[in-house]
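Comments concern the structure below.
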2 protein chains.
Amino acid sequence: MDKQLLKEINQMHAQVCSGLADPKRIAILYALADNPQTVTQLAATLEMPQPTLSRHLKILRDHGMVAAERDGANVYYALGDKRIIRALDLLREVMADHLNKRSALVDAMA
Amino acid sequence: MDKQLLKEINQMHAQVCSGLADPKRIAILYALADNPQTVTQLAATLEMPQPTLSRHLKILRDHGMVAAERDGANVYYALGDKRIIRALDLLREVMADHLNKRSALVDAMA
DNA sequence: TACACCTATTCGCATCTCCGAATATGCGTA
DNA sequence: TACGCATATTCGGAGATGCGAATAGGTGTA
């Protein structure tokens with residue numbers, strides 16, 4: 001593959017990943033995986049200020065991770081793609097294994 | 001689940017994702033998925049300065065994404081967990097679909 | 001020990017991201 | 001139009017991150 005094109009793809013890929021690189025956005029994605037909600041509902045569920053949510057939702061929207069649908073004055077947000085949750089779950093597994101290895105090491109040293 | 005604990009898990013999860021949020025680190029992970037390599041080999045393959053690689057490799061190591069094994073003066077790096085590539089591939093699919101949707105929209109507007 | 005090679009770390013700087021607070025925009029109803 | 005509610009955006013500052021350049025540390029060999 002063309003080297004320059006590959007770099008651009010990796011650049012886009014990194015931007016997608018940085019879309020996930022925030023604890024609040026992860027919480028938002030898992031909350032929306034459970035069921036679609038409006039901004040206000042999310043604000044109540046996740047105990048975040050509404051502007052904070054709108055800002056994070058815009059980032060997620062720009063990456064196609066959530067879908068927004070207006071219904072009157074409300075906007076319902078939903079998970080844009082279930083594969084995102086699958087990817088997050090995979091990373092969670094890796095994380096858990098890594099933590100187990102670390103704590104096993106700490107135990108062995110004690 | 002305890003609300004505070006959930007926040008801490010999401011915090012860790014976000015750190016794992018931010019480990020992926022760099023085009024060079026993505027290139028490193030895919031390169032190592034093909035076959036284990038030393039730092040110098042990676043520097044040649046990916047055309048990066050050696051200190052840059054060492055810095056990124058440390059970040060990946062700290063998250064358990066790559067494994068390092070010393071052999072004499074060389075250090076061989078390998079992908080720490082295949083699930084990372086699976087997660088990255090999933091995100092790449094989502095990214096590709098999102099781009100297709102966007103370009104279809106642009107076409108429709110033209 | 002001295003030297004060469006491989007790998008890791010530090011430093012200074014530019015850039016980015018997040019947040020709270022305030023403000024702006026959009027929508028429905030009277 | 002005026003008002004209230006839902007959502008989105010902007011602004012300034014604090015903290016994090018990436019880079020190049022220089023340097024330090026680790027390992028094998030003579």
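Throughout, protein chains are lettered first and strands after them, A, B, ... in sequence-line order, and every chain is numbered starting at 1.
- Across the protein-nucleic acid pair, A:M48 atom CE and D:dT7 atom P stand 15 Å apart, rounded to whole Å.
- Taking both residues in full, the closest heavy atoms of B:R83 and B:D81 are given as NH2-OD2, 2.7 Å, listed atom of the first, atom of the second, then distance.
- Put simply, CG on A:L57 is 10 Å from P on D:dT7, counting in whole angstrom units.
- When rounded to the nearest whole Å, the span between CG of A:L60 and P of D:dT7 equals 16 Å.
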Give every pair of a protein N or O atom and an N or O atom of nucleotides 21-27 of chain D that lie under 3.5 Å apart, one pair per line with the distance.
none

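- Of the listed residues (A:R92, A:K24, A:R25), just one forms a side chain to side chain donor-acceptor pair (under 3.5 Å) with B:N10, and that residue is A:R92.
- The phosphate of D:dA6 has neither OP1 nor OP2 within less than 4.0 Å of any side-chain N or O from A:Y77.
- Of the residues in residues 16-42 of chain B, those placing a heavy atom less than 4.0 Å from an atom of DNA chain D are B:D22, B:K24, B:R25, in numerical order.
- Linking ILVMFWY side-chain heavy atoms closer than 4.5 Å, directly or via other members, places B:L32 and B:I26 in a single hydrophobic cluster.
- Spacing between atom NZ of B:K58 and atom P of D:dC19 amounts to 16 Å, rounded to whole angstrom units.
- Residues A:G19 and A:I59 come closest through the heavy atom pair CA-CG2, 4.5 Å.
- Under the 3.5 Å distance criterion, with hydrogens and angles disregarded, no donor-acceptor pair is assigned to the side chains of B:Y76 and B:N35.
- Salt bridge absent: B:D97 and B:K101 never bring a charged side-chain N and a carboxylate O closer than 4.0 Å.
- For the side chain to side chain donor-acceptor pair (under 3.5 Å) criterion with B:Y77, the lone passing option out of B:E69, B:Q41, B:R61 is B:R61.
- Taking only side-chain nitrogens and oxygens, B:T52 comes nearer than 4.0 Å to OP1 or OP2 of D:dG20.
- Chain B approaches DNA chain C over the interval C:dC6 to C:dT10, counting the first and last nucleotide 5' to 3' with an atom under 4.0 Å from its heavy atoms.
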